[in-house]
Novice: 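I have a structure I would like to understand better, so I am pasting it below and will then ask my questions one at a time.
Indexing begins at 1, ligand by ligand and atom by atom, following the structure's order. FYI, side chains are in, hydrogens and waters are out, and symmetry mates aren't considered; it's all heavy atoms of this structure. Numbering of residues begins at 1 and proceeds along the displayed sequence.
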Amino acid sequence: MAITDMKMLSGIMELTEDEKRWDPEGPSTLPLLISDAMIPLLSLPQIRKQFVPSALENEDAEGNLDPQAEAEHKGTPRLVHRYRNRAAFYTTDRCFAYCRHCFRRRFTGHLSGPASENEIREAAEYMAAHDEIREVLLTGGDMFTLSDSHISMMLGIFRSICPGVILRLCTRAVATAPERFTDDLMAILEKHKEGAPFYLMTQFNHPAELTDAACRAVSRFVDMGIPAMNQSVLLRGVNDDEATLIELSDKLLMNRIKPYYLFQGDPVRGTAHLRTDIERGLEIEKNIRHELSGLGMPQYTADLPGGGGKVILTHCYFRGKTESGRYLFGTPDGETRYYPE
Ligand SMILES: *Cc1c(COP(=O)(O)O)cnc(C)c1O
Ligand code: SF4
């Protein structure tokens, strides 16, 4: 049975003082919910930090709740249109488990519930009228908390009104609720495959989350011809070290998942204790790029405050131009090379 409060949690594990002092009514505004699949993993500190709340959340009352100013870029009430050629649709506010680092916590878990048929139709019509939109992220919350019939209705509407738009299925449920991916659900996806492709966008932050059940759930998508991409968040004490990220990347690739983004934690209220600073992040980026293939390397990315958008953060190998007009580079091995004009 999923864990929904601290009392249940204290029944299965010894809580720390910070965890005991967590105030559910505090300013961090994200409910406690830990799914069955995550419970056996809580003995690992890297998983515990992602799902067990702590009073440190309440002590970070300064941070913004909407650093990406998503509320200002609404195409429709449920559709954020911030980039010209792609948009994000909030399918629901629910998840199977709530991540303590969630950047959309002003919305997640706050009972706005599933998008209604009208809201879905309104978003699909907006996209049909804005034919510069080539992709939509079906996000939330987690779309797979919706019932089979709701998912079928939603996909049916998008496919009939804007069939040329790529649908990104954004979900953490392959990790947090792999049992959700039943034959019935997969048949619904199969039925709506016609039109622009689906892409599965997962969130695995630590190699231990790639359990056998999670990998089997991802395989069902990939076997169906749906490419899988992973978006991780760089989290203090979870994956902010080179060895963990390299292991994560290897495990993702072995399961046919392309590491896509490694996000810098957004400066969202209640998450300061989980952020790694950008300087250390850049050092990690440089070190893992040296070890990983191009296929295995995610793009380290920050979503700039005030709705500035995503920017790639990377160590710069270009050092400038010499007086004789040649270009100067530092190599990944720390040597120097000149490139002719
Ligand atoms: C991140 C994001 C996207 C997708 O961006 P990509 O760089 O293409 O992955 C689209 N819309 C919004 C609002 C986003 O935050
Ligand atoms: S799965 Fe995504 S939306 Fe849900 S709590 Fe985690 S980060 Fe937030």
Novice: In terms of ring plane angle, is the pair Phe318 and Phe329 parallel, tilted or perpendicular, where the classes change at 30° and 60°?
Specialist: tilted

Novice: Parallel, tilted or perpendicular: which fits the ring planes of Tyr339 and Tyr327, with parallel below 30° and perpendicular above 60°?
Specialist: tilted

Novice: Taking the six-membered ring for Trp and the single ring otherwise, decide whether the centroids of Phe89 and Phe158 are under 6.0 Å apart.
Specialist: yes

Novice: Could you see if Tyr261 belongs to whatever hydrophobic cluster contains Val233? Use Ile, Leu, Val, Met, Phe, Trp, Tyr and a side-chain cutoff under 4.5 Å.
Specialist: no

Novice: Output yes when the distance from some N or O of ligand 1 to some N or O of Arg86 is under 3.5 Å, and no in every other case.
Specialist: yes

Novice: Is there at least one pair of N or O atoms, one from Gln231 and one from ligand 1, spaced under 3.5 Å apart?
Specialist: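 Checking ligand 1 against Gln231, no N or O pair falls under 3.5 Å apart.
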
Novice: Of the listed options (Tyr261, Tyr199, Phe89), which comes nearest to atom 7 (O) of ligand 1 when hydrogens are ignored and any heavy atom counts?
Specialist: Tyr261

Novice: Return the residue, atom name and 0.1 Å-rounded distance of the protein heavy atom closest to atom 3 (C) of ligand 1.
Specialist: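 Looking only at protein heavy atoms, the one closest to atom 3 (C) of ligand 1 is Lys310 NZ, 3.4 Å.
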
Novice: Taking only heavy atoms of Val80, which atoms of ligand 1 are found under 4.0 Å from at least one of them?
Specialist: 13 (C)

Novice: What do we get for Arg168 next to ligand 1 when only non-hydrogen atoms under 4.0 Å count, side chain, backbone, both or neither?
Specialist: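 Side chain only; the backbone of Arg168 stays clear of ligand 1.
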
Novice: For atom 6 (Fe) of ligand 2, tell me which residue out of Cys170, Cys95, Gly109, Cys99 has the closest non-hydrogen atom.
Specialist: Cys99

Novice: Where is the nearest protein heavy atom to atom 8 (Fe) of ligand 2: which residue, which atom, and how far?
Specialist: Cys102 SG, 2.3 Å

Novice: Please check: side-chain N/O of His192 versus main-chain N/O of Ile188, any donor-acceptor pairing under 3.5 Å?
Specialist: yes

Novice: Quick check on contacts: which atoms of ligand 2 are under 4.0 angstrom from a heavy atom of Gly141?
Specialist: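 With Gly141 as reference, the close atoms of ligand 2 come out as 3 (S).
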
Novice: List every atom of ligand 1 that sits less than 4.0 Å from any heavy atom of Tyr260, numbering the atoms from 1 in the order shown and giving each element.
Specialist: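 Under 4.0 Å from Tyr260, ligand 1 has these atoms: 6 (P), 7 (O), 8 (O), 9 (O).
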
Novice: Checking the side chain of Thr171 only, and the main-chain atoms of Asp142 only, is there a donor and an acceptor separated by less than 3.5 Å?
Specialist: no

Novice: Around Lys286, counting heavy atoms of other residues, nucleotides and ligands shown, do more than 12 lie under 6.0 Å from its NZ?
Specialist: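 Count not over threshold, so no.
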
Novice: Can any side-chain N or O of Thr108 pair as donor or acceptor with the backbone N or O of Arg104 at less than 3.5 Å?
Specialist: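 It does hold such a pair.
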
Novice: Tell me which one of Arg100, Arg172, Gln50, Arg94 gets a heavy atom nearest to atom 1 (S) of ligand 2.
Specialist: Arg172

Novice: Could you establish whether Gln203 and ligand 2 come within less than 4.0 Å of each other, counting only heavy atoms on the residue side?
Specialist: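 Checking ligand 2 against Gln203, which is what was asked, there is a heavy-atom contact under 4.0 Å.
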
Novice: Any N or O on Tyr83 sitting closer than 3.5 Å to an N or O of ligand 1?
Specialist: no

Novice: Under a 4.0 angstrom heavy-atom cut-off, which atoms of ligand 1 come close to Arg82?
Specialist: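 Counting from 1, the qualifying ligand atoms are 14 (C), 15 (O).
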
Novice: Does Tyr199 have more than 12 heavy atoms from other residues, nucleotides or ligands lying within 6.0 Å of its OH?
Specialist: no

